[in-house]
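Below is one structure, written out as structure tokens; the observations come after it.
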Amino acid sequence: MNALTPNRPAAPAPVGLLAELTHRCPLRCPYCSNPLELDRRSGELDTATWQRVLTEASALGVLHVHLSGGEPTARNDIVEITKTCADLGLYSNLITSGVGGALSKLQALYDVGLDHVQLSVQGVDAQNAEKIGGLKNAQPQKFEFAAKVVELGLPLTLNSVIHRGNIHEVAGFIDLAVKMGAKRLEVAHTQYYGWAYVNRAALMPDKAQVDESIRLVEAARERLKGQLVIDLVVPDYYAKYPKACAGGWGRKLMNVTPQGKVLPCHAAETIPGLEFWNVTDHSLGEIWRDSPAFMAYRGTDWMKEPCRSCDRREKDWGGCRCQALALAGDAAATDPACSLSPLHAKVRSLAVEEAAENPPDYVYRTIGSNVRSPLKEEVHS
Amino acid sequence: MLKLVDGTRSVADIADELGKTYAADPRAIETDILVMLDGLAEKRVLER
């Protein structure tokens, strides 16, 4: 057995695997968490490799697999992959837009043992929802899909990503979830990475709107106790303390991209200089334990002040490394979403200013685009 | 305990079974069982 050194914290067992099966998606949401440079179909892992990855994940201790994308049902082998999860005893969660081929595959997915469905809804009003998702006629397809999920007896979570284009619909999302028969609703304020970072000025709500959305959720939680569970993700830029991103770097989750790169979180590739290993070269266990990217910010040894001596260092793990890089210019800095960061006031005023201006048009998510950030000013410059 | 939740057994039945297995007074552990089941039902892990 290898001796442990202070620079080499022991790897805890991962609980969750986010399998980004493909970046292909019929929707074009301007806050998509996928990277700006999307993987093409020709580079995607094949069925057998995904099945091996899932087998290795199960052996490592993973309990929960999120079958995600892009749109995971865009893959022809989604049923086979889901069956592998069921055969291995992995709890499978299909994270889907509910459009395109999703409905036609749902019965087969149910038959092979799919455990849970998480359906995205971009808005309550169809016209607004379809503007945000960038796809006409998506809303009726989503409603039909949700009805079938509930009819099959599968637990349904609705996921709504909240921003200034739909924050007036929070009460409507709650009513919609009840009407559809969902067990759980995610009211997830946009996290500003990837496409959402590019579109931040178009998406950032103001503080009063955010406070009202939180109040509505808290009231609904009380009213709908035992009927609807509501998970609330608050917006970073207005927060007091940062989120423990992905439950702490390399502690609970790993993310496998369509081409097989394994990341500690879906935005980790934005950090330059990190070396990511691929499942085609290494086993998942080797990658989890030994790959340079997972070791880089695991534990607390990498921390600087004010994180290093902070009482919360093992609660929020310094916040998000990708956000620290994007906003502070240093991935090892305290996440500026934290009120203890010297940059916090600047970040907050940036949000306030952007929310006060007229929103620019969305830059829609597209494969093969050459997107540049329209943001006027970076915090650290 | 969750293995005993099968849609047929009552809470009292579950308390009786667990009382036998762990040599405890079923009525004493019934409250703990109810608290746990309530919590899971609120999270919609279990259906009432």
Among residues at least two apart in sequence or on other chains, which ones pass side chain to side chain contact (heavy atoms under 4.5 Å, CB included) with B/Thr21? none
Show me the donor-acceptor pairs under 3.5 Å between chain B and chain A.
residue, atom, partner, partner atom, Å
B/Arg44, NH1, A/Gln227, O, 2.7
B/Glu47, OE2, A/Lys183, NZ, 2.8

I need the residue from A/Leu224, A/Val229, A/Leu228 with the largest number of non-hydrogen atom pairs under 4.5 Å to chain B. A/Val229
